[in-house]
Amino acid sequence: MRQLSVFVLASVVALASFASPAVAQTTLRVVMHSDLKIVDPIWTTAYISRNHGYMIYDTLFAIDAQGEIRPQMVDTYEVSLDQLTYTLTLRDGLLWHDGTPVTAEDCIASIKRWGAKDSMGQKLMSFVQDFASVNPKTLKIILKEPTGLVLQALGKPSSNVPFMMPRRVAETSPNEQIKDFTGSGPFVFKPDEWKPGDKAVYVKFAQYKARPEVPSGLAGGKVARVDRVEWRAIADHQTAINTLLSGEIDMIESPLHDLLPVLKQDANVKLVDINPLGNQYTFRFNTLHKPFDNTKVRQAVFYALNQEDFLKAVIGNPAYYKICKSFYPCGSPLETSKGMEELLESNFVKARQLLAEAGYDGTPIVLMHSTDLAVLANLAPVAKSLMEQAGFKVDMQSMDWQTLVARRAKKDPPAQGGWHAFLTAWVAADILDPVMLGFLNAGCDQAMFGWPCDKEIESLRDQYARETDPAQRKAIAEAAQVRATQYPTHIPLGQWFQPAAMRKNIDGMVQAPVPVFWNVEKKGR
């Protein structure tokens with residue numbers, strides 16, 4: 001067995017400063033990108049539910065600002081010489097919000113629930129032979145064959161995140177929403193104050209034991225420096241901006257890009273880009289029902305669309321977007337345009353040719369249109385226009401985002417309350433490789449909503465999971481992208497960037513793929 005050391009601090013002075021936060025009696029008021037209606041971050045991939053998860057839950061491992069996986073709830077871990085057994089020992093003093101200790105059995109149950117739902121978790125679980133609880137603080141993960149996915153998966157930063165929950169909660173079916181919101185993170189959720197359409201409230205967990213490290217990305221010490229965080233639901237963007245300018249709220253997670261010039265002019269407001277790798281817009285197919293059960297019909301959409309029309313319609317300012325014909329984020333190690341050369345150019349002649357070859361009969365495409373999130377609202381109308389120019393009939397149905405999130409889980413035929421397609425966005429940290437990229441999961445019923453089913457894509461994802469050589473991994477990732485143009489699961493529609501707006505007295509926002517509120521300080525007004 002080889003012992004892998006716990007992260008060692010580079011500066012004792014920095015640690016001493018970090019470990020002694022000023023006592024704060026403050027409330028941080030934030031307008032998030034969406035209203036919180038679903039509070040189970042395993043049941044859904046919705047980012048507002050993921051953000052909620054980071055408030056109240058913790059993770060075994062986490063990714064730091066340099067993209068490295070570091071222990072979080074874990075104190076030490078060991079990997080056997082044959083690479084088949086991972087032994088994880090939890091830190092001392094970890095407590096659930098009800099005051100009971102976090103145990104190895106809680107963590108095993110949590111991994112199993114997450115692993116049944118998450119795309120990367122499913123791939124990891126395909127390598128797992130068994131789990132074992134050695135003692136209340138120690139668990140073993142026993143593999144059938146070696147894979148480099150264990151730490152990468154347990155430390156994945158975004159939806160679905162392997163949050164740890166009490167065993168009694170984690171034993172809830174992953175296809176049912178939990179009703180108990182007990183976590184072990186730095187904040188406690190207040191369900192008695194939760195009013196969808198108004199606010200969600202979190203209070204500092206006084207017994208949370210932070211790691212003795214400075215925060216870095218989603219890793220390190222999670223010190224709550226405010227006593228209370230309120231997520232305020234303000235649907236109208238101009239109202240939210242006015243409320244920020246007046247000081248009634250402290251931060252807006254996703255201000256409208258059109259209104260950024262107004263914010264820049266105010267001396268009391270600052271714009272902060274906490275996620276420099278950005279986000280990707282995506283068109284998602286439902287492959288279960290006609291006509292998108294036909295690969296040629298899906299390829300026709302690939303030819304009909306182009307990225308710039310979407311980016312101009314939603315973001316507008318080229319300073320905040322870029323064309324990126326890659327399934328993996330531009331600027332990331334696996335960025336590639338292989339297989340995409342003639343796609344996404346609005347070649348309507350080619351699209352119509354493919355529809356004719358497929359025998360498309362004019363079936364209306366039920367396109368779900370999210371109306372309440374500014375960064376998504378203009379996507380569906382652009383898709384409708386381009387698809388109709390290519391010969392599709394499109395039935396665009398408008399709804400709020402939370403309704404869309406619930407509806408996309410349904411496998412019903414589109415004419416009976418189901419759907420054919422919708423558009424969404426992924427944070428770049430969710431789509432860095434073929435295993436992590438949820439929409440590339442082509443495992444049929446085990447895949448995400450849309451349920452693509454392709455043995456070749458799954459074989460490539462398996463190969464990627466087994467491979468450790470970076471050059472070979474790059475080649476496999478390219479092959480997976482090429483195959484996904486032949487058997488389309490989804491379409492990448494460009495990269496974009498979203499600064500947050502906050503009052504200048506707010507300090508300590510951590511640069512990470514997710515907006516998190518530990519380390520945040522509020523200094524007067």
Side-chain angles (χ1 to χ4, degrees), residues 47 63-68 119-120 152 156-159 217 254 257 260 271-284 301-303 305-346 375-376 378-379 382-383 386 423-441 457 460-461 464 470-485 488-500 511-514:
Y47 282 161
I63 191 169
D64 69 11
Q66 288 71 48
E68 300 295 323
S119 176
M120 196 171 192
Q152 184 185 2
K156 77 184 295 263
S158 192
S159 293
S254 301
H257 285 80
L260 293 181
L271 299 179
V272 179
D273 190 351
I274 60 174
N275 177 26
L277 200 54
N279 313 272
Q280 181 193 85
Y281 282 130
T282 307
F283 182 102
R284 177 62 163 178
V301 182
F302 235 134
Y303 278 96
L305 304 184
N306 74 84
Q307 294 188 346
E308 192 162 11
D309 282 3
F310 291 95
L311 295 167
K312 282 183 175 178
V314 185
I315 307 303
N317 186 342
Y320 295 106
Y321 73 74
K322 64 180 174 182
I323 304 301
C324 176
K325 289 172 65 171
S326 171
F327 276 61
Y328 318 108
C330 289
S332 70
L334 296 182
E335 171 192 348
T336 178
S337 60
K338 194 165 184 179
M340 305 283 284
E341 293 81 5
E342 296 181 5
L343 302 175
L344 291 169
E345 300 291 343
S346 287
V375 293
L376 301 180
N378 288 344
L379 295 175
V382 173
L386 294 174
L423 295 101
T424 187
W426 286 99
V427 66
D430 270 331
I431 56 174
L432 295 174
D433 65 54
V435 175
M436 186 182 288
L437 205 173
F439 279 175
L440 201 59
N441 182 341
I457 290 177
L460 289 164
R461 294 177 72 240
Y464 188 91
Q472 289 300 315
R473 278 194 152 196
K474 173 79 170 178
I476 295 168
E478 288 181 344
Q481 175 168 296
V482 170
R483 178 56 185 166
T485 65
T489 58
H490 66 289
I491 300 176
L493 293 175
Q495 210 156 329
W496 57 280
F497 307 89
Q498 176 67 69
Q511 192 170 85
V514 178

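Because only heavy atoms are used, hydrogens play no part in the values below, and waters and symmetry mates are left out as well, while side chains stay in.
- Residues passing the side-chain contact (heavy atoms from CB on, under 4.5 Å) test with I63 are I69, P157, L218, sequence neighbours excluded.
- Residues forming a side-chain contact (heavy atoms from CB on, under 4.5 Å) with Q472 (at least two apart in sequence, or on another chain): E467, D469.
- Expressed to the nearest 0.5 Å, how far CD of Q280 lies from CG of L493 amounts to 7.5 Å.
- Judged purely by atom type and a 3.5 angstrom limit, N378 has no side-chain atom pairing as donor or acceptor with the backbone of V314.
- Put simply, the side chain of L260 reaches to within 4.5 Å of the side chain of P499, judged on heavy atoms.
- Contact annotation: the side chain of I431 never approaches that of F439 to less than 4.5 Å [non-hydrogen atoms, C-beta and beyond].
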For a side chain to side chain contact (heavy atoms under 4.5 Å, CB included) check, start with the C-alpha distance between V514 and V427, then their side-chain angles and the critical distance, and finish with the verdict. CA-CA 8 Å; V514 178; V427 66; 5.9 Å; no

Just do the side chain to side chain contact (heavy atoms under 4.5 Å, CB included) check on V375 and Y281 with the steps written out, would you? CA-CA 9 Å; V375 293; Y281 282 130; 3.7 Å; yes

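- Residues F302 and P492 share a closest heavy-atom pair of CZ-CD, 4.1 Å.
- At distances below 3.5 Å, not a single donor-acceptor pair connects side-chain atoms of R284 with backbone N or O atoms of T424.
- Counting non-hydrogen atoms of neighbouring residues, nucleotides and ligands closer than 6.0 angstrom, the NZ atom of K474 exceeds 12 such neighbours.
- Here the OH atom belonging to Y321 is positioned 6.0 Å from the CG atom belonging to L311, to the nearest 0.5 angstrom.
- Going from atom OG of S326 over to atom CD of E335 covers 5.5 Å, rounded to the nearest 0.5 Å.
- Atom CG of L440 is separated from atom CZ of F327 by 7.0 Å, given to the nearest 0.5 angstrom.
- At distances below 3.5 Å, at least one donor-acceptor pair connects side-chain atoms of R461 with backbone N or O atoms of V435.
- Only one option out of L344, T485, L343 pairs with I491 in a side-chain contact (heavy atoms from CB on, under 4.5 Å); it is L344.
- Pairs engaging residues 425-434 under the side-chain hydrogen bond (donor to acceptor under 3.5 Å, both in side chains) rule: Y47-D430, Q152-D433, S158-D430 [sequence neighbours left out].
- Counting heavy atoms from C-beta on, the side chains of M120 and L437 never come closer than 4.5 Å.
- Within the 4.5 Å cutoff, side-chain heavy atoms of P329 are placed close to those of L432.
- The side-chain heavy atoms of N279 and F497, taken from C-beta on, include no pair separated by under 4.5 Å.
- Counting all heavy atoms, side chain and backbone alike, L277 lies closest to Q495 at O-NE2, 3.0 Å.
- With hydrogens and angles ignored, the 3.5 Å screen pairs a side-chain donor or acceptor of Q307 with a backbone N or O of C324.
- Remark: D309 pairs with N306, V382, L386 by the side-chain contact (heavy atoms from CB on, under 4.5 Å) rule, at least two apart or across chains.
- Here OH of Y464 is found 8.5 Å from CD1 of I476. Values are rounded to the nearest 0.5 Å.
- Note that the CG atom of N317 and the NZ atom of K312 stand 12.0 Å from one another [nearest 0.5 Å].
- Looking only at side-chain heavy atoms (C-beta outward), L423 and L376 stay at 4.5 Å or farther from each other.
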Dump the intermediate steps for salt bridge (charged side-chain N to carboxylate O under 4.0 Å, His left out) on E345 and K325, then the final yes or no. CA-CA 10 Å; E345 300 291 343; K325 289 172 65 171; 2.9 Å; yes

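- K338 NZ: 12 or fewer foreign heavy atoms inside a 6.0 Å radius.
- For Y320, the ring-ring contact (aromatic ring centres under 6.0 Å, His included) partners are H257, not counting sequence neighbours.
- For E68, there are no salt bridge (charged side-chain N to carboxylate O under 4.0 Å, His left out) partners at least two apart in sequence or on another chain.
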